[in-house]
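Contents: one structure, followed by commentary.
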Amino acid sequence: MDATNRQVAEVLAEIGALLEILGENPFKVRAYARAAEVVGHLGRSVAGMDRDELEVLPGIGKAIAEKITEIVETGTCRERERLREAMPPGLPALLDLQGVGPKTVRRLWKDLGVGGLDDLEAAARGHRIRTLRGFGEKKEHEILRAVGVARRGSERMSLTEAEPLADLLLAAIPGEARVAGSLRRGRSTIGDIDIVTLAPAAETALALAGVADEVIDAGEKKVSVRIGGRRADVRFTAPDEIGAMLLYLTGSKAFNIRLREVARSAGMRLNEYGLTDQETGGLRRFRTEDEVFAALGMSPVPPELREDRGEVELALEGALPSLVDVQEVRGDLHVHSDWSDGSMSLEEIAAAGEARGYEYVLVSDHSASLGIARGLDAPGLARQQAAIEQVNRTAGCTLLAGVEVDIIADGRLGLPDEALEGCDLVIASVHSAFGQDEDVMTRRVIAAIENRRVDIIGHPTGRIIGRRPPVAVDMERVIGAAAENRTALEINASPGRLDLDDIYIKQAHERGVRLAIGTDAHAPSELANIRYGLALARRGWCGPGDILNTRSLADLTGRHG
DNA sequence: GCCGTTTTCGGCCCGACTGTTTTCAGTCG
């Protein structure tokens, strides 16, 4: 079977890492890393593309296009195999250690015979690292520490973990401070926390030391700490240059590189302090990011789009798409009540919706089937629909009668068709048999998509961040089927799920598939999670027309009547 | 390895901080 984009990207990234350890030209290394990035976030499958189509992609030329073709067909390529043979298999993993880069890996390997994590730990404990020229006692401790962190496993964190940490830091900083980095870009998982502040450096460093587990480093321009086992970087700036600093620290890295290339081609240099004229050496400072964009001849790029996925080119042409905005959201399309496993009564849901200024909320309780506590059977659902009608007589926010029906293992639904007849909107979700192989799972989900009673596929990949990996499902086929059948895919806004993720949202958007943002709220406070789903929609380049939640009540229910 | 209304060769983002150093290499973001 043809390799997926993800698999191709992994091979390319590995080639980059192997070349790096071997001391190859850093620009060649970067070329592989960039190509891996491009393939990993491409809207269509590279398996279906010929050489010429591949070579048109940014960062992909003749050599890498050939390798992609080879990887698609064989799952690997001769270049990777050749490079792998040149070193112990455990070596590339060492690049992930904090404070350990390619030069260090190479020295450890060549001078100490280190071939992996275990060797490295033994060498550090045996005090052999400090014997190397250019290495000392501190480096040895740093490495030992990094090995410990790696063994505990340090994946990216969920938003439920990142936000409280960020809030803790913001509260501790004695002055105005703003969150930047991937948290500001609305990514579904966060690597580290980045903050820009106007507060004085010395005072801030002291305050941060008080709340953090450890100060990693502290200088005049920045302080890095570890808090809750996570890294946070705080940069100091001034009001007249916070524009460039925010831009820099918000990233992404790839976006920053592209922006600096744009500056360069216009005879300027961009850094976190501003724009320097190459000829005069004069520095222009900026109070806002928008002023920096303007000086570069670009329209402002929203943080959610800053990934170097084509947005820079469009901004230069002034042709960025307009993204769905929070004010355009008229309702929540996935909420549970106390008729199944939620805590809210129907009245409470209507009140919570009204408090948020919504026109409607879709009540979508679980259907009764194995594994779901207190799910509704057909008579239960009918009774709930009658109750919803009652509440709607007085409620300021209309409750839509829905259901989150199980897609059972063979692709049929957990409730009979007649039971779904009375629903305004039907969500169908996988809640069992997560381990099915890809083809079975894909056909199972597509069967639900093809069922004309189903309006929305709930949390399509089933992932729970940090706890459960996505199910094996061919999203390209699922998105294609959703496009054909005009079935919407959910952007589940629960911060533990955030499912679909941005890459699939963008693919769905490009295929004209509608997306439904649902918080999956089980309690009133969780309706506020809609903002996470909205950020994801924006990261997937969605405009208001792509999102069901921007439709009026009449529009939404009319498509059924 | 990629790329080009200055180029098909010669560039390739830019700065902060640390550790081990007598002036800088390596790592990170």
Side-chain angles (χ1 to χ4, degrees), chain A residues 12 15-16 19-21 23-38 54-68 79 94-108 129-143 145-146 180-182 185 190-196 201 205 215-225 231-237 241 244-245 247-276 278 283 296 306 308 312:
Chain A
L12 293 174
I15 291 174
L19 289 171
E20 198 175 22
I21 293 170
E24 260 284 4
N25 175 357
F27 298 107
K28 185 169 167 181
V29 171
R30 192 182 124 190
Y32 275 99
R34 170 138 199 257
E37 194 73 18
V38 166
L54 288 170
E55 283 190 43
V56 173
L57 297 174
I60 293 176
K62 196 168 179 333
I64 293 185
E66 266 177 36
K67 290 188 178 65
I68 291 174
E79 176 74 347
L94 301 186
L95 287 176
D96 295 335
L97 297 174
Q98 178 93 33
V100 176
K103 299 289 198 306
T104 304
V105 171
R106 191 173 166 80
R107 286 290 306 280
L108 293 166
I129 289 172
R130 64 180 70 174
T131 65
L132 296 180
R133 186 177 163 69
F135 290 60
E137 211 174 313
K138 289 203 170 169
K139 191 75 191 173
E140 194 169 84
H141 284 137
E142 187 189 1
I143 287 176
R145 193 184 180 83
S182 53
R185 299 202 311 279
I190 306 299
D192 59 18
I193 293 166
D194 296 296
I195 291 175
V196 173
V215 176
I216 297 168
D217 50 40
E220 292 173 13
K221 318 264 182 150
K222 65 179 276 202
V223 173
S224 299
V225 299
R231 185 190 175 102
D233 293 319
V234 178
R235 285 292 304 252
F236 307 115
T237 187
E241 50 186 38
M245 183 62 82
L247 192 60
Y248 158 70
L249 209 62
T250 299
S252 64
K253 181 177 173 167
F255 177 80
N256 284 349
I257 290 175
R258 275 294 291 132
L259 226 53
R260 287 166 180 193
E261 285 169 357
V262 169
R264 221 163 217 279
S265 64
M268 298 178 278
R269 260 187 23 237
L270 174 65
N271 62 22
E272 59 265 53
Y273 305 110
L275 274 172
T276 307
Q278 297 266 50
L283 175 71
L296 291 171
R306 299 180 194 171
D308 189 22
V312 173

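To find a chain, count down the sequence lines: A is the first, B the second, and so on, and within it residues start at 1.
Separating the OH atom of A:Y248 from the P atom of B:dA16 is a distance of 9 Å, rounded to the nearest angstrom. In this structure, CG of A:N256 is placed 13 Å from C1' of B:dC28, rounded to the nearest angstrom. Protein atom CD of A:E20 is 12 Å distant from nucleotide atom P of B:dG26, rounded to whole Å. Between the CZ atom of A:R130 and the P atom of B:dT18 there is a distance of 21 Å, given to the nearest Å. Summarising the geometry, the separation between CG on A:L19 and C1' on B:dG1 is reported as 10 Å, rounded to the nearest angstrom. To the nearest angstrom, C1' of B:dA25 lies 15 Å from CG of A:L132. For A:L296 and B:dC14, the CG to P distance is 12 Å, given to the nearest whole Å. Taking atom OH of A:Y32 as the reference point, atom P of B:dC3 lies 13 Å away to the nearest angstrom.
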Collect all protein-nucleotide pairs involving nucleotides 6-12 of chain B in which both atoms are nitrogen or oxygen and the distance is under 3.5 Å.
from	atom 1	to	atom 2	distance (Å)
B:dC12	OP1	A:R264	NH1	3.1

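Side-chain contact check for A:T250 versus A:D194: every heavy-atom pair is 4.5 Å or farther apart.
Nucleic acid contact class of A:P102 (heavy atoms, under 4.0 Å, all strands): sugar-phosphate only. Within 4.0 Å of A:A218, counting heavy atoms only, lie sugar-phosphate atoms of the nucleic acid but no base atom. No contact: A:L259 has no heavy atom under 4.0 Å from any strand. Within 4.0 Å of A:R269, counting heavy atoms only, lie sugar-phosphate atoms of the nucleic acid but no base atom. Among the protein residues, A:L57 comes within range of the sugar-phosphate backbone only, with heavy atoms under 4.0 Å from sugar or phosphate atoms but none that close to a base. Counting any heavy atom pair closer than 4.0 Å across all strands shown, A:L249 reaches no nucleic acid atom.
Considering only side-chain atoms of A:K253, the nucleotide from B:dT20, B:dC13, B:dG1 that sits closest is B:dC13. With B:dC17, B:dC2, B:dG29 as the candidates, the nucleotide lying closest to the side chain of A:Q98 is B:dG29. Closest to the side chain of A:N271, out of B:dG15, B:dG19, B:dC17, is B:dG15. Of the candidates B:dC17, B:dG1, B:dC14, B:dC14 carries the atom nearest the A:R260 side chain, counting heavy atoms from C-beta on.
In terms of position along DNA chain B, the nucleotide closest to A:E137 lies nearer the 5' end than the nucleotide closest to the other residue of the pair A:E137 and A:G99. Along DNA chain B, the nucleotide closest to A:V56 and the one closest to A:Y273 are compared, and the more 5′ of them pairs with A:V56.
Distances shorter than 4.0 Å separate some side-chain N or O of A:K221 from OP1 or OP2 on B:dA16. Side-chain N/O atoms of A:S224 include none lying less than 4.0 angstrom from OP1 or OP2 on B:dC17. In this model, the phosphate group of B:dG29 is approached by a side-chain N or O of A:R231 to a distance below 4.0 Å at OP1 or OP2.
On the C1' atoms, B:dT22 is 49 Å away from B:dT5, given to the nearest whole Å. Between B:dT23 and B:dG19, the two C1' atoms lie 14 Å apart (nearest whole Å). Comparing the C1' positions of B:dT21 and B:dC12 gives a spacing of 29 Å, expressed to the nearest Å. Spacing between B:dT8 and B:dT18 at atom P, rounded to whole Å, works out to 44 Å. Taking atom C1' on both B:dA25 and B:dT20, the two are 10 Å apart, rounded to the nearest angstrom. Taking atom P on both B:dC13 and B:dC2, the two are 16 Å apart, rounded to the nearest angstrom.
In terms of heavy-atom proximity, A:L54 sits nearest to A:I60 at O-CG2, 3.5 Å. Contact between A:D233 and A:L249 at its shortest, heavy atoms only, is O-CD2, 4.4 Å.
In this structure, A:K139 contributes its side chain and A:G99 its backbone to a donor-acceptor pair below 3.5 Å. Panel note: side chain A:S265, backbone A:V262; a donor-acceptor pair is recorded below 3.5 Å. Side-chain N or O atoms of A:S182 include none that pairs as donor or acceptor with a backbone N or O of A:R185 at under 3.5 Å. Without hydrogens or angle criteria, A:E20 side chain to A:P102 main chain gives no donor-acceptor distance under 3.5 Å.
The salt bridge (Lys or Arg N to Asp or Glu O under 4.0 Å) contacts involving residues 25-38 of chain A comprise A:E24-A:K28, A:R30-A:E261, A:R34-A:D308, where partners must be two or more places apart or lie in separate chains. Applying the salt bridge (Lys or Arg N to Asp or Glu O under 4.0 Å) test to every pair with at least one member in residues 264-275 of chain A, sequence neighbours left out, gives these pairs: A:R235-A:E272.
Base orientation of B:dT7: syn, since the glycosidic angle falls within 90° of 0.
If you check B:dC24 for Watson-Crick or wobble pairing at under 3.5 angstrom, you find it paired to B:dG19.
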